[in-house]
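Input: a single structure, listed below in structure tokens.
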Amino acid sequence: MIAKVIVDAPARDTDRPFDYAVPDKLAPLVRPGVRAAVPFGPRTLNGFVLAVEETSDMDPSRLKPLKSVLDAAPVVTEELLDLAGWLSRKYLCPQYTALTALLPSALKTKTETVFEAAVPPSSPDVPESLRELLAYVDRRGRVPEKSLLQAFADRAELLTSAILLGLLTESKEVKDRLGMKVQLCVRPSASAEALTAAADAARRRAPKQAELLDRLASLADEGGEPPLLAELARDSGIGPAAVKALESKGFCVVEAKELSRDPYADRRFEASRPLPLTETQAAALSPIRRAIEAKTYAPFLLHGVTGSGKTEVYLQAMQACLEAGREAILLVPEISLTPQTVNAFKGRFGDEVAVMHSRLSAGERYDEWRKIARRRVKIAIGARSAIFAPFTNVGLIIIDEEHESSYKQEESPKYHARDVALERASRHGAAVVLGSATPALETYLAAHRGVYTLLEMPDRAFGQAMPRVDIVDMRQELRDGNRSMFSARLREALATRLERGEQSVLLLNRRGYSTFVMCRSCGFTAQCPHCDITLTYHRSGRHSRCHYCGYTEREATRCPSCESEHIRHFGAGTQRVEEELAKLFPGIRTIRMDVDTTSTKGAHEKLLADFRERKADVLLGTQMVAKGLDFPFVTLVGVISADTVLRLPDFRAAERTFQLLTQVAGRAGRHQLPGEVVVQTYTPEHYSIQFAQHHDFRGFARRELISRRELGYPPYCRLALATLAHEDISRLVTSSERFAGELKKRFAELRGAGEEPELLGPVPSPIPKLKDRYRFQCMVKYRGETNVADALRASADALSDDVRKSKLSIQLDVDPQVLL
DNA sequence: CGTAGAAGCTTC
DNA sequence: AAGCTTCTACGA
């Protein structure tokens, strides 16, 4: 028997199955989808068994035997094995990388170095200075290198000399990143009669033993959960000595019992029943329900304004899916995976739900994943990676807030959960529901072309009004002599909230920090004449550059548009806003949320909880305050500068601005108190801001699609991005040009079909230097189903010499979301 | 001629 | 990716 194994050596040369002989005693365990340890050259590596076959093309004498099998049951289903192949082809990543992406991190095993004492610590060969080290290792048996380094962090040289002197033996061990959570329990191993007899005999001499024997007897008789060792000691005072004694006499065995950590075990969920649907909701639900019942692949776009009641549609679609005997997956953006969301679904479906949440520990995530793999639940809820829930009969996949950029993974494999969802659904004959108030334009256009069925919910379910949005022209503020970052309007609105004891949220968007030049008098920003993209300001060279095509211009001292001298690069931090806030409103209580204040675990939740309990008047933060928050006393949302998103050097900047403003407007006045939104901007006339003010998605989409078509951006074409990096800039330039040449050569072959992709670059990357390596990029624009992946991979392969020899790195991103 | 570091090759 | 072998440049 031969196993085809993808090994943990993710490089071009090794990205293919290797054949191994399967020893007879492992044969029953070796199945497609299990992990195995295999010899690979002089090393031992982990791998995934792709297939089991009778024969191999290899000379049988050269086959090595598989070392061990890591899983009693496959961890990757047949369908997901195949999907991993699809991921690797579409997103140009090694198969091993694709396979690990399917699994919870707890199963991403690595080999680690472990040390053992080669001689006893008391041996005369051990120098005095190394006694302590050796004793430490000896006490523990096998010590992972990591823990040893930690324990002797300040005395690393001791470790080195111990290794050099041969006092420690070094070996590699394949380890699971985490064992299952186990506790020891006591199980009877004799008949009930024998145990009762022994209990009677021991009654006088050893009462504790007798008590345990009684319990064991009733267990053997009636069955039930064997008691935990720890429990026995705590509740009945039966210590480990008594257990040991009985175990040695063969009355019981101590076993490791696998526990499931249910993070929601001690939480109550308010049970909820299906609500009566509005007419619009019912109209949206019925085609979804029909598709689930018909078991055919059917993608939908559910376009519903904020508050239109999409959640109830999701809930009832899931209900229909469960009734059809099939499984469902719900994806939500990580940031909105809050207790609120989880409660809504746990409340309706209770124990049928597994939640994959990044705030859970690796162990808890693994347990939730196992519930899915063991078919203990029928619904999986989670962020991006939950799309790989190992169900076998998926009937429905819902992606909430489908426009969110967090559905695109920025590490390899750089997959988009929406595309994976569509791919998986087509394999299962499942319905896909893409839900959003502000769909991605790709999705919206596809729906209009009939690729997805469009379902619309244009009104709020309970008829509430949309919040009022005020746009403040910051140019006018400057003219009126206000040089601060707070407009009179926003200052006044803040003062009113302080007076009334209501709360405010202030958003300062600085994501993808990027400086650009702007005129504070007229709002002019420098754009690329070829790409209509904001030029990025480079302080060192005192120039601005387009990172799409490389166009460069010198720093201006006067505004080319209005001749004003108030032209400068732009950007302010949360800290500065906080200071200014304190100056304006002495005694104001502010909670600042940014990378600095939320870096420690749980800090994010803590800050939000404090704000909920009204321990602060203002919540000031970046991006992360914009979404999914729902606080009853927030009646004001202020956007310090809408321009920071709008002027990002990204063709999606207008779309992001519209989405952000629409989202943020949804945060205010969600309850009884009416809400108000103040948006500060230097470009109030920009259509993204205008349409957001009037909550007009359709208007925005129509306008934005026109310019996308004119400029040749998605959704009218598709993109792929190659980023090359090297520490030596001149070699990088050479390699980049060679890479571009290879690409062009291959693209030319597609010319006949009228599908020749367009190549932009090579140009310096928007982050031109990272970790001492310079970066260049090539962007590819192509249409439809043109096979660009093969050309990219082949071109990268053509430079594989440079990659290996001169440490050039080439990163490929198909359908990039963030072009920064 | 010896040796150290770089470069190349192989992994079932 | 990483361990092992081969190449090659330089000092004695």
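Chain letters run A, B, ... following the sequence lines, proteins first, then strands; residues in each count from 1.
Taking every side-chain heavy atom of Ala9(A) into account, dA1(C) is the closest of dT11(B), dC12(B), dA1(C). The side chain of Pro10(A) approaches dA1(C) more closely than any other nucleotide in the set dG3(C), dA1(C), dC12(B). Distance from the side chain of Asp13(A) is smallest for dT10(B) among the nucleotides dA2(C), dC12(B), dT10(B).
In this structure, Leu45(A) CG and Phe40(A) CZ are separated by 6.5 Å, a value rounded to the nearest 0.5 Å.
Rounding to whole angstrom units, CD1 of residue Ile6(A) and P of dT11(B) are separated by 17 Å. Residue Arg12(A) contributes atom CZ, which lies 14 Å from atom C1' of dG8(B) at whole-angstrom precision. Put simply, NZ on Lys807(A) is 14 Å from P on dA2(C), counting in whole angstrom units. If you measure from atom CZ of Arg16(A) to atom C1' of dT11(B), you get 8 Å, rounded to the nearest angstrom. Atom pair Met58(A):CE and dC12(B):P shows a separation of 8 Å (rounding to whole Å applied). With rounding to whole Å, Phe40(A) atom CZ is found 13 Å from dT10(B) atom P. At whole-Å resolution of the value, CG in Leu45(A) and C1' in dT11(B) are 9 Å apart. In this entry the distance linking CG of Leu63(A) with C1' of dT11(B) reads 13 Å, nearest Å.
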- Task: Please report the C-alpha distance between Gln409(A) and His416(A) in whole Å, then the side-chain angles of each, then the deciding distance to 0.1 Å, and finally whether the side-chain hydrogen bond (donor to acceptor under 3.5 Å, both in side chains) criterion is met.
- Result: CA-CA 6 Å; Gln409(A) 173 146 45; His416(A) 198 299; over 6 Å; no
- Task: Given salt bridge (charged side-chain N to carboxylate O under 4.0 Å, His left out), test Arg131(A) with Glu128(A) step by step and report yes or no.
- Result: CA-CA 5 Å; Arg131(A) 283 262 148 82; Glu128(A) 197 51 46; 3.1 Å; yes
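Pair assignment for dT8(C) gives dA4(B), based on Watson-Crick or G-U wobble hydrogen-bonding distances that are each under 3.5 Å.
Within the nucleic acid shown, Tyr20(A) comes within 4.0 Å of sugar-phosphate atoms alone, with no base atom in reach, counting heavy atoms only.
A salt bridge links Lys90(A) with Asp815(A): the closest approach of a Lys/Arg side-chain nitrogen to an acidic carboxylate oxygen falls below 4.0 angstrom.
Stacking of Arg140(A) on the aromatic ring of Tyr136(A) is recorded, both the 6.0 Å distance cut-off and the 45° axial limit being met.
Proximity of Arg43(A) to the phosphate of dC4(C): no side-chain N or O atom is located under 4.0 Å from OP1 or OP2.
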